[in-house]
Amino acid sequence: MKKLLSCSIIALSVLASAGVSQAADLISPDPYIPLQAPNFSWTGFYAGAQGGYYHANVEGVAGSQSSGSLGGYAGYNYQFANQFVLGAEADYNAAFGTYGGFGYELSSFGSLRARLGYAMDRTLIYATGGLGIMDFKNNGGGGNPGVEYGFAIGAGAEYMFTDNISVKAEYLYMNFQDTFEDVGAPAGVSTDIHNLRVGAAYHF
């Protein structure tokens, strides 16, 4: 009886060990390889708000305009399997401050740009470029310069704090050729805008 009981205990132990081993094999074919969570994807629509500092200069005009800017932006990203991210973004910003020694004042500026970046999980580093837009208003000069169009280029970095909230820091340079022709300026007068801004966006 004791021998039978001992054999039964040994047999149950072997069966239990085999069962645990098979269950472990079902969970992971190699228990020494840690399971990894899937990488974050930047694909999708987003919209946000931004603020920053800008410097505007009109060629050949004494003085310049430098102050704060406040605006919004929206866009779409698509992330490829190789971690590159391609997207499009539009933004528009109110410009504060006055232009010293000039009869017109920058009131707003914006852009419509493509973005190309590389994602390192929740961090995105990118370059951007496209159409630049600015609007000067009358500040003692004659007539209304109206909306001007040029180009915009820049670069930035963005980080996802959660699956839906990101923050970014970005520099954008805009150049506009043949500006102020509507108010009698000669051809070849250019306007430059440098804008350093930070923003936060919600990703849908």
Side-chain angles (χ1 to χ4, degrees), residues 36-59 64-99 105-137 147-177 179 190-204:
Q36 295 182 351
N39 290 333
F40 176 81
S41 175
W42 286 84
T43 298
F45 291 95
Y46 61 91
Q50 63 188 9
Y53 174 85
Y54 75 91
H55 175 81
N57 182 70
V58 180
E59 181 184 275
S64 61
Q65 183 172 333
S66 301
S67 190
S69 62
L70 183 64
Y73 62 99
Y76 178 82
N77 292 318
Y78 182 80
Q79 181 170 330
F80 296 91
N82 59 5
Q83 304 304 107
F84 280 97
V85 176
L86 180 64
E89 184 175 289
D91 73 282
Y92 210 71
N93 311 270
F96 304 102
T98 58
Y99 205 108
E105 181 179 306
L106 180 64
S107 60
S108 61
F109 59 88
S111 62
L112 178 60
R113 297 167 283 106
R115 297 203 315 171
L116 177 62
Y118 185 79
M120 295 171 285
D121 196 27
R122 292 179 176 269
T123 300
L124 177 66
I125 300 174
Y126 61 88
T128 183
L131 176 70
I133 306 168
M134 71 170 183
D135 186 15
F136 269 81
K137 66 181 180 180
V147 177
E148 305 272 6
Y149 299 94
F151 70 85
I153 56 173
E158 193 168 359
Y159 179 76
M160 292 292 301
F161 274 103
T162 72
D163 289 344
N164 299 103
I165 303 295
S166 71
V167 295
K168 73 170 184 178
E170 182 179 80
Y171 167 74
L172 199 66
Y173 169 75
M174 287 173 278
N175 178 268
F176 304 86
Q177 294 292 323
T179 54
S190 66
T191 301
D192 297 322
I193 300 176
H194 302 265
N195 186 213
L196 182 62
R197 64 260 194 112
V198 294
Y202 184 85
H203 293 247
F204 300 95

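When reading the values below, keep in mind they use all heavy atoms of this one structure, side chains included, and skip hydrogens, waters and symmetry mates.
Within the 3.5 Å criterion, the main-chain N or O of Phe40 finds a donor-acceptor partner in the side chain of Asp121. In this structure, Tyr173 contributes its side chain and Phe151 its backbone to no donor-acceptor pair below 3.5 Å. Using modelled atom types, one side-chain atom of Asn195 and one backbone atom of Tyr53 make a donor-acceptor pair closer than 3.5 Å. Between the side chain of Thr128 and the main chain of Gly154, no donor-acceptor pair closer than 3.5 Å is present. Distance alone, capped at 3.5 Å, is enough to place a donor-acceptor pair between the Tyr99 side chain and the Val58 backbone. Put simply, the side chain of Ser108 never gets that close to the backbone of Asn93: no donor and acceptor are under 3.5 Å apart. Side-chain atoms of Ser64 never come within 3.5 Å of backbone atoms of Asn57 as a donor-acceptor pair (strictly under, hydrogens ignored).
Between Ser67 and Tyr54, some side-chain heavy-atom pair lies under the 4.5 Å cut-off. With contacts defined as side-chain heavy-atom distances shorter than 4.5 Å, the pair Tyr126/Val85 does not qualify. Put simply, the side chain of Val167 does not reach to within 4.5 Å of the side chain of Val198, judged on heavy atoms. Within the 4.5 Å cutoff, the side chain of Thr179 has no heavy atoms near those of the Phe136 side chain.
Considering all non-hydrogen atoms of both residues, Gly97 and Gln65 come closest at O-NE2, 3.4 Å. Of all heavy-atom pairs spanning Val147 and Asp135, the tightest one is N-OD1, 4.0 Å. Minimum interatomic distance between Glu158 and Ser166 (heavy atoms only, all atoms of both residues): OE2-OG, 2.7 Å. The two residues Phe176 and Ile193 come nearest to each other via the heavy atoms CE1-CD1, 4.0 Å. In this structure, Gln79 and Thr43 approach most closely via the heavy-atom pair N-OG1, 2.9 Å. Across all non-hydrogen atoms, the minimal contact from Met174 to Ala152 is CG-CB, 3.5 Å.
Taking the six-membered ring where the residue is Trp, the centroids of Tyr76 and Tyr78 are separated by 6.0 Å or more.
How far CD of Gln83 is from OG of Ser41: 8.5 Å, rounded to the nearest 0.5 Å. To the nearest 0.5 Å, the span separating CD1 on Ile153 from OH on Tyr171 amounts to 7.5 Å. Note that the OG1 atom of Thr162 and the CZ atom of Arg122 stand 7.0 Å from one another [nearest 0.5 Å]. Rounding to the nearest 0.5 Å places CE of Met160 at 6.5 Å from CG of Asn164. To the nearest 0.5 Å, atom OG1 of residue Thr191 and atom CZ of residue Phe109 are 13.0 Å apart. Distance CG/Leu106 to NE2/His55: 11.5 Å, rounded to 0.5 Å.
Note: His203 and Trp42 have perpendicular aromatic rings, judged against thresholds of 30 and 60 degrees for the angle between ring planes. The aromatic rings of Phe84 and Tyr118 stand perpendicular to each other, their planes meeting at an angle above 60°, with 30° marking the opposite boundary.
Counting heavy-atom neighbours within 6.0 Å of Leu116 CG, excluding the residue itself, gives a total above 12.
Glu89 meets the side chain to side chain contact (heavy atoms under 4.5 Å, CB included) test with Tyr46, Tyr73, Arg113, Arg115, Lys168, Glu170; sequence neighbours excluded.
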